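Per chain, numbering begins at 1; letters A, B, ... match sequence-line order. Remember, predicted model here, so these are calculated numbers, not experimental data.
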Amino acid sequence: MNPAIPRKGCLVKHVRFSAWISSVAVYFALGVLFLYPMSRLVISAFTREGAFTFANFTAVFANPSNVRSLWNSLYTGVTVTVIATVIALVLSWIVVRTNVYGRKLFQFVLVIPFFIPPFIMAFAWTRLLGRAGFVNVFVQQLFSLPQPPIRIFGFVGVVLVSVIYTYPYAFIVISRAMENMGAHLEEAAQISGASRFQVVRDIVLPVLLPAVGSAAVIVFVTTVSMFGIPAIMGTPGQFIVVTTRIYGYVGGFRDPFGMNIATTLAMVLLGFALVGLLLQNFFTRKENFATITGKSGHLELMNLRKWRIPISVAVALFTGAVVVLPLFAIAATSLIRALGVPFTLENLTLDHFRRLANMSIVQRSFNNSFSLAVFVPTITVIGAVILTFLKRQGRMPGRNGTDYIVSMPYAVPGIVIGVAMILAWIRPVFSIRVFNTIWILYLAYIVRFMIFPMRTVGASWKQLDSSLEEAGRISGASELRTLRDVSIPLIRGGIGSGWLLVFMPALTELTLSILLVSPRNETIGVTAFNMMQEGLITVASAYAVMITIVVVSLNVVFRLLSVRRDRRPANAPTI
Amino acid sequence: MAKLVLENVTKQYGVFTAVKDFSLVVSDGEFVSLLGPSGCGKTTLLRSIAGFFPITQGRILSGEKVISDPARNIYLGPDQRNLGMVFQSYAVWPHMSVFDNIAYPLKLRKLSRQDIDTKVGRVLSMLNLETQAQKKPSELSGGQQQRTALGRALVMEPDALLLDEPLSNLDAKLRDRMRFELKEIQRTLNLTIVYVTHDQDEAMAVSDRIVLMNQGQVQQVASPREMFDFPANLFSARFVGQSNVVDGVLEKIDAVSGTAYLIADEDTTVPLQLSERHAGDDTDTDTRKGQPVHAVIRYHNVKIADRADTDTIEGTVIVGTYLGIYTQYEIETVLGRIIVQTDADIRLQEQQQVFLKLRNVHVFPSG
């Protein structure tokens with residue numbers, strides 16, 4: 001054994017110095033990345049030409065189009081929340097608590113829409129229910145109607161696709177709560193003399209309320225923050241919501257104060273999101289949550305008896321309608337020689353894929369998006385490890401502040417971050433030019449997604465008993481050596497899932513990118529969205545099919561690679 | 001309170017038989033424990049009584065009322081049985097206060113506000129929960145949640161009380177106190193109780209009678225003392241109390257002295273003093289001669305003798321452990337390692353030669 005090497009009295013000074021240096025570095029980075037853009041947003045909303053004013057707010061509310069877009073967002077948000085939550089409640093109950101056929105399969109298949117980028121989902125539904133969509137054409141021919149019978153663009157379309165995109169999230173939250181609730185709470189009521197109805201009314205619904213409430217809030221915030229779906233389903237039907245309105249202002253409404261109006265609208269949208277967050281805090285208050293001690297007891301599955309087959313079929317049909325049908329629609333469109341020709345073998349072709357593969361913009365956007373999807377998660381994970389490490393060290397002044405700063409963008413809709421980023425970086429700062437380069441996307445993505453690895457790394461580090469690290473120190477390892485040899489290997493689960501939680505949405509991000517993209521720096525999402533907007537239906541379909549295949553197969557690969565099972569990305573609303 | 005009658009109850013899940021042909025009468029005011037390892041069917045049985053599922057065969061009666069009889073297509077749901085139950089997880093409803101939790105069964109029975117207040121008040125004071133009445137379960141300790149669950153089961157004045165490992169989530173000290181309180185409440189209110197546990201000490205401490213189960217079948221039904229002193233079979237002897245189990249072949253049984261001689265190896269025969277029941281009920285030495293057996297010797301029934309005798313065996317002390325009221329020694333003998341519990345004042349050295357008397361031995365045929 002080597003005798004411990006004495007490190008003299010300089011140790012304390014050294015530590016203080018490095019803590020000071022790292023604190024300054026951390027706060028500087030957080031300031032530049034997070035605080036600076038957000039403050040530009042607030043300033044822009046409350047000033048005109050450098051002077052403080054409420055003129056922007058009066059201007060926003062003086063314009064009926066703006067007011068209507070706000071109203072549309074709210075109205076859509078509430079409608080989607082109600083429908084998606086009810087669907088999620090019913091599906092959770094069927095899948096968790098009854099002997100429906102294929103429970104395990106449904107549990108997985110029902111969350112698939114969550115993994116498909118929302119703008120692709122929306123586009124797929126236009127291929128089903130749009131004017132030349134398969135269903136519309138089919139019904140029109142069947143009854144020889146003069147007009148396509150279904151008009152999907154507008155409120156109905158936005159609600160339909162938003163519900164399909166958001167219900168899986170509520171389903172995950174609610175079905176988990178149902179599983180955790182266990183059977184004993186209900187059995188205790190039954191044996192107290194409660195009928196089935198009384199059990200549901202007095203026990204099940206109240207106990208599930210926190211989960212249902214917070215799921216509903218997340219659905220609401222996600223819906224009002226969404227850009228891709230209302231842009232594809234709403235705008236063609238003159239149904240404009242706040243996010244598409246902001247996009248309109250940024251994209252070039254002729255208004256000298258367009259940017260101020262956009263930021264003001266963004267502030268109002270941020271207000272919606274914050275109200276939602278407050279509501280969620282209310283729902284997840286400690287005393288509202290079930291305290292479950294000991295094992296929760298095995299679930300006695302309800303026997304559906306004669307309803308078993310009909311209900312199983314109904315769930316299967318629902319799954320088919322929301323998962324299989326839209327994917328089939330884009331797949332079919334991508335293979336047909338031209339729109340409108342009959343579906344026969346000789347009309348099938350791979351030309352659209354070939355054309356796609358030869359488009360330089362497609363190749364470029366794949367390169368850009370994959371670089372973003374690899375480097376952004378890596379950077380954010382490293383950042384999260386450093387921040388959590390410093391916080392755990394307990395030597396960084398105001399260390400809890402970093403948490404608040406990093407979690408800010410969680411409540412901030414993507415489009416709002418996009419606007420803030422434009423304001424912050426549109427002019428070179430200290431002659432550093434990031435606007436109109438790919439770097440603005442890196443900055444924006446980091447701000448947007450930092451919260452995910454912070455959560456997962458923080459959570460898995462929290463579970464780590466500090467004695468494990470102390471044992472490393474007492475064995476003679478330095479702090480950094482302990483970090484490398486003990487802490488990081490033990491929190492690799494949190495690191496891995498944090499990385500993945502950023503990778504997936506970063507790969508197909510649209511909302512931020514559409515505002516910040518510049519020529520030659522396109523991303524997959526933006527390129528696909530533009531093709532859809534330009535009416536290149538067949539090529540866009542081929543592109544959508546390609547993206548879906550990539551996303552789904554990456555999901556499968558990562559799922560197989562991850563050692564621990566059941567790591568569903570539960571905290572990842574990709575707004 | 002009323003008695004509970006189970007007649008030939010069988011519960012099958014598909015091809016798996018969880019409980020097989022189980023019969024038991026729990027008398028009015030009796031405290032019966034269902035004891036056994038996990039998966040032995042005790043919980044299934046309790047839940048059959050509660051009525052969470054129909055049984056496959058047999059009949060269950062609460063008092064004179066048939067509550068389950070598949071042959072006659074009778075199956076009352078748990079809400080119609082008027083039984084109280086305390087769950088292992090307590091199952092205290094997190095969204096209701098302590099008062100509301102306890103009052104809930106009475107509300108379902110449509111009692112007047114005044115009656116509810118009186119009855120809940122009485123239960124609260126009996127369980128020392130008066131000061132907690134308006135608290136939510138998340139503000140309670142484990143013990144208080146447990147009392148709340150008990151109060152909720154008691155307030156409805158059930159015909160019988162079903163307890164599913166109610167103490168297993170409490171820490172050791174609290175568990176001891178709750179055992180005592182539970183027993184006291186049971187005496188005071190003359191409750192009929194069916195109590196499920198896997199903990200033999202707990203079953204011993206609280207029960208009038210213990211039903212020992214394994215793999216869905218009854219192994220022994222007896223009072224705690226009877227079960228401890230006279231295990232009915234090897235399973236019972238092993239599960240209740242701490243025993244050395246020695247395998248061998250019977251050479252002969254001397255009925256007069258109540259001694260069995262066990263062939264330990266080719267040239268050694270070991271004398272075992274049988275428990276009175278074994279000595280008494282089977283003196284036919286011929287039929288048992290040459291029979292392979294398991295001999296069960298309780299730790300505390302091995303005595304240290306001063307010197308070699310006809311009824312002693314020789315051994316070497318391997319290790320001793322001082323445990324306060326007694327000392328436990330591991331002793332190497334011709335029968336293998338034998339564990340002995342002695343009074344703490346007997347002090348043996350490691351490697352010391354000792355002589356052991358094996359008393360109150362239970363012999364069960366093997367193979």
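- Distance alone, capped at 3.5 Å, places no donor-acceptor pair between the D164(B) side chain and the Q88(B) backbone.
- Here the side chain of W93(B) pairs a donor or acceptor atom with the backbone of L185(A) at under 3.5 angstrom.
- At a heavy-atom separation below 4.5 angstrom, chain A is approached by P78(B), D79(B) within residues 60-79 of chain B.
- Residues E187(A) and R47(B) have side chains in contact (heavy-atom distance under 4.5 Å, counting atoms from C-beta outward).
- Note that the CE atom of M156(B) and the CG atom of L161(B) stand 9.5 Å from one another [nearest 0.5 Å].
- Atom CZ in F87(B) sits 9.0 Å away from atom CG in L46(B) (nearest 0.5 Å).
- Using non-hydrogen atoms only and a strict 4.5 Å limit, the part of residues 107-128 of chain B facing chain A consists of L108(B), R109(B).
- The aromatic rings of Y13(B) and F53(B) lie perpendicular to each other, with more than 60° between the two planes, well past the 30° mark.
- To the nearest 0.5 angstrom, Q144(B) atom CD is 7.5 Å from T131(B) atom OG1.
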### Task
Check step by step if salt bridge (Lys or Arg N to Asp or Glu O under 4.0 Å) holds for K173(B) and D176(B).
CA-CA 5 Å; K173(B) 266 212 172 111; D176(B) 278 353; over 6 Å; no
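- Although no hydrogens or angles enter the test, the distance criterion places no donor-acceptor pair under 3.5 Å between the side chain of Q145(B) and the main chain of G142(B).
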